[in-house]
Structure formats: structure tokens, C-alpha cells
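Before any comments, here is the structure.
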Amino acid sequence: MMFLSSKKGVKKLFDVLGIGCNSIDLLCLLDGSPVEDETIEVPSIEMQGGGNVGTALVAVSRLGGKAGYYWAVGDDEYKDRVLSEFNEYGVDTRFVTVKKGKNPIAVILINRQASTRTIFYTKNDITVLSPEELEESVLKVGKILLIDFFHPKTSLAVSRIAKREGISVVVDAEKVVGCSEEIMGNSDYVISSKSFAQEFCGSDEGVEDRKLLDMFVQKIRAPFVCITLGKKGGLPA
């Protein structure tokens, strides 16, 4: 597995260092859409580790890369599960900080017939890693930094440092925030949901996928841009 590198002179511990959301996901499999105000028996309900950055880091590790996680984990009843699942899949957690608070939980309804999913989540009382808590020396141990918009201020601070240090940045963009444009301007690889690209470009829902991608590329001008399209896969520039 090949990765880009950054400036020489700093020992690189990881191919990818992830900074952002991990969560406890409750996955509910459905054979259709849920019906309001009814009790529904479903084929399966599973608890798994999730989150944009958490899931991606596990994928990196399973593909043979060295992955590290730099974030805060809450000290609630899920703390040990979060850390043990990362370690089980080979994701290094030496730079994780355990703080008082909750870990993110998401309820995900998966419609197997339509190949769609609906996600419910909350950010109330969860732990985060603030910009003031960042250690620049840690940010430099990854060849690539992976970020999301889960805590925008931290992602912005990380992207600025990475750009200054010549470290490649991958951003997973799902929801437009106030500093989205600057974060993406500091990024080398932008992976965006279709809904994010539509909102960011101010386009209507009926715009053709390729046209939307062209508009998105012109606005952010990152070296690599891709829009994800659900069950249709992804559309790279």
C-alpha cells in the first residue's frame, strides 16, 4: 500500500493519523422504511465501532497501512470498548486522551431493499479535542492527516498546521460549517457527500452529478476531489 509523504526530518510513525469522530454505532437492519408509531421486529440490531475517522482508520489498517488515532475518548461505559476495538483492528491509540464525558453514539437504520441508511446522532456532552489541546509534535508523526468536520475548530487548526508543514490532508466532508472553505483550501484530498457539495455550491437537488462535481472542483480547487453517491458509489474529478 503506497502513501504520500511529507517533509523529511520527522520520524513518521503512521501512514495515516486520524483526528476526528469515532462513535458507537447501533446498526438496525430493515427490509423497508420504518413506519411511524409502530413496533417493528427487525432481522438484526448490532453494536459496532463507527464514525467517519474511526471507520477510515480501521480500513487503512486492514489494507496494510499503519494507522494512528489522535483524539479524546469519553470515560463513560463505552470507553474500554472504543479503545479495545481500535487495538483489535491495529489502530494505534497511544495519543488518545481519556476525558470526562460521553462518547458519541449513533443509531443507524439500514434499509436493505433501497440500499440506504438514516442516521440519528447527538453531540450533547461528548468529549472533543480542542485546538488548545493539540500538540504539533504529534501532528507531524503521520504521513497523511485525516480529518472531518465533527469539531470544526480543531479540524481548521490541524489543516493550517499541516499546510504549513507540507503534510498531506484528507478531509471527509459531510456537513457545511462556517470554516469549511478554509479547511478544504488547506486539504489535498476532499471526499464529499453529494448533499455537502450541493449546499456548499448553492445548487439545487436536480443538478446532474457531473455538473455538480465540476462546480465543486472549481470552487475549492483541491488537487483531488470526489463526491460520494450512496449506492451508486463515488464520482472523482
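The residues of the chain are indexed from 1 along the displayed sequence.
- Both Val138 and Ile161 sit in one connected hydrophobic cluster of ILVMFWY residues. Membership requires side-chain heavy atoms under 4.5 Å apart, directly or through other members.
- Formation of a donor-acceptor pair under 3.5 Å by the Asp125 side chain with backbone atoms of Gly101 is not found in this model.
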Review point. After noting the C-alpha distance and the side-chain angles of Arg160 and Glu182, does the key distance pass the salt bridge (charged side-chain N to carboxylate O under 4.0 Å, His left out) rule?
Key: CA-CA 9 Å; Arg160 286 171 172 170; Glu182 184 178 352; 2.8 Å; yes
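- To the nearest 0.5 Å, the span separating OG1 on Thr118 from CG on Asn111 amounts to 8.0 Å.
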Exercise for review: Walk me through it: do Asp76 and Lys102 pass the test salt bridge (charged side-chain N to carboxylate O under 4.0 Å, His left out)?
Suggested key: CA-CA 6 Å; Asp76 63 11; Lys102 297 179 179 178; over 6 Å; no
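- For the ring-ring contact (aromatic ring centres under 6.0 Å, His included) test, no residue two or more places apart in sequence or in another chain qualifies with Tyr89.
- Within the 4.5 Å cutoff, side-chain heavy atoms of Leu145 are placed close to those of Ile19.
- Residues forming a side chain to side chain contact (heavy atoms under 4.5 Å, CB included) with Lys232 (at least two apart in sequence, or on another chain): Asp209, Leu229.
- In the hydrophobic clustering of this structure, Leu109 groups with Met47; members are Ile, Leu, Val, Met, Phe, Trp, Tyr whose side-chain heavy atoms approach within less than 4.5 Å, directly or through other members.
- Two different hydrophobic clusters hold Tyr121 and Ile126 under the rule that ILVMFWY side chains link at heavy-atom gaps under 4.5 Å.
- Within the 3.5 Å criterion, the main-chain N or O of Val73 finds no donor-acceptor partner in the side chain of Lys99.
- With 3.5 Å as the limit, one finds a donor-acceptor pair spanning the side chains of Asn87 and Thr93.
- Side-chain contact between Ile191 and Val171 is absent, with no heavy-atom pair separated by less than 4.5 Å.
- A continuous path of ILVMFWY side-chain contacts below 4.5 Å connects Leu83 to Leu129, so both sit in one hydrophobic cluster.
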Practice item. Apply the test side chain to side chain contact (heavy atoms under 4.5 Å, CB included) to residues Asn52 and Glu174: give CA-CA distance (whole Å), side-chain angles for both, the deciding distance (0.1 Å), then the verdict. Key: CA-CA 9 Å; Asn52 297 25; Glu174 276 194 331; 3.4 Å; yes
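- Pairs engaging residues 144-153 under the side chain to side chain donor-acceptor pair (under 3.5 Å) rule: His151-Thr154 [sequence neighbours left out].
- Around atom CD of Glu205, no more than 12 heavy atoms belonging to other residues, nucleotides or ligands sit under 6.0 Å away.
- Looking at residues two or more places apart in sequence or on another chain, you find a side chain to side chain contact (heavy atoms under 4.5 Å, CB included) between Ala56 and Leu146.
- Note that SG of Cys179 is 7.0 Å distant from CZ of Phe149, once rounded to the nearest 0.5 Å.
- Although no hydrogens or angles enter the test, the distance criterion places a donor-acceptor pair under 3.5 Å between the side chain of Ser159 and the main chain of Leu156.
- Without hydrogens or angle criteria, Asn103 side chain to Gly74 main chain gives a donor-acceptor distance under 3.5 Å.
- A distance of 7.0 Å separates OG of Ser192 from CE of Met184, quoted to the nearest 0.5 Å.
- Counting only heavy atoms from C-beta outward, the side chains of Glu135 and Lys140 never approach each other to under 4.5 Å.
- Nearest heavy-atom pair, Gly68 versus Leu57, reported as atom, atom and distance to 0.1 Å: O-CD1, 3.5 Å.
- Ring pair Tyr70/Phe95 is perpendicular by interplanar angle, where above 60° counts as perpendicular and below 30° as parallel.
- Nearest heavy atom pair, residue Cys21 against residue Phe150, reads CB-CG, 3.5 Å.
- Side chain of Asp188 to main chain of Val169: a donor-acceptor pair is present (N/O by atom type, distance under 3.5 Å, no hydrogens or angles).
- Not counting sequence neighbours, the partners of Arg81 by the salt bridge (Lys or Arg N to Asp or Glu O under 4.0 Å) test are Glu85.
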Exercise for review: Could you please spell out the steps behind the side chain to side chain contact (heavy atoms under 4.5 Å, CB included) verdict for Val170 and Ile144?
Suggested key: CA-CA 7 Å; Val170 178; Ile144 292 176; 3.8 Å; yes
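- Rounding to the nearest 0.5 Å gives a distance of 7.5 Å between CD1 of Ile183 and OG of Ser187.
- In this structure, CG on Leu139 lies 5.5 Å from CG on Leu134, to the nearest 0.5 angstrom.
- Side-chain atoms of Asp92 and Tyr69 include no donor-acceptor pair closer than 3.5 Å.
- For Thr122, the side chain to side chain contact (heavy atoms under 4.5 Å, CB included) criterion is met by Asn124, not counting sequence neighbours.
- Arg210 is linked by a salt bridge (Lys or Arg N to Asp or Glu O under 4.0 Å) to nothing, counting only residues two or more places apart in sequence or in another chain.
- Under the 4.5 Å side-chain heavy-atom criterion for ILVMFWY residues, a single connected hydrophobic cluster contains both Ile45 and Ile40.
- When the ring-ring contact (aromatic ring centres under 6.0 Å, His included) test is applied to Phe14, no partner is found at least two apart in sequence or on another chain.
- Glu181 is linked by a salt bridge (Lys or Arg N to Asp or Glu O under 4.0 Å) to nothing, counting only residues two or more places apart in sequence or in another chain.
- The closest donor-acceptor contact from the side chain of Ser180 to the backbone of Val176 lies at 3.5 Å or more, if one exists at all.
- The shortest heavy-atom contact between Ala197 and Ile227 is CB-CD1, 3.8 Å.
- For the residue pair Glu133 and Ser130, a side-chain donor N or O sits within less than 3.5 Å of a side-chain acceptor on the partner.
- Here the CZ atom belonging to Phe86 is positioned 11.5 Å from the CH2 atom belonging to Trp71, to the nearest 0.5 angstrom.
- Between Leu13 and Lys66, the shortest heavy-atom contact is O-CD, 3.7 Å.
- Contact between Pro236 and Gly234 at its shortest, heavy atoms only, is CD-O, 3.7 Å.
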Which atom pairs, donor and acceptor, lie under 3.5 Å between side-chain atoms of residues 26-36 and protein residues at least two apart or in another chain?
from: Asp31; atom 1: OD1; to: Arg112; atom 2: NE; distance (Å): 3.0
from: Asp31; atom 1: OD1; to: Arg112; atom 2: NH2; distance (Å): 3.0
from: Asp31; atom 1: OD2; to: Arg112; atom 2: NH2; distance (Å): 3.1

Under 3.5 Å donor-acceptor pairs involving side-chain atoms of residues 211-222, not counting sequence neighbours:
from: Gln218; atom 1: OE1; to: Arg221; atom 2: NH2; distance (Å): 3.2
from: Lys219; atom 1: NZ; to: Phe200; atom 2: O; distance (Å): 2.8
from: Arg221; atom 1: NE; to: Gln218; atom 2: O; distance (Å): 3.4

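- Scored by the salt bridge (Lys or Arg N to Asp or Glu O under 4.0 Å) test, Lys100 finds no partners at all (sequence neighbours excluded).
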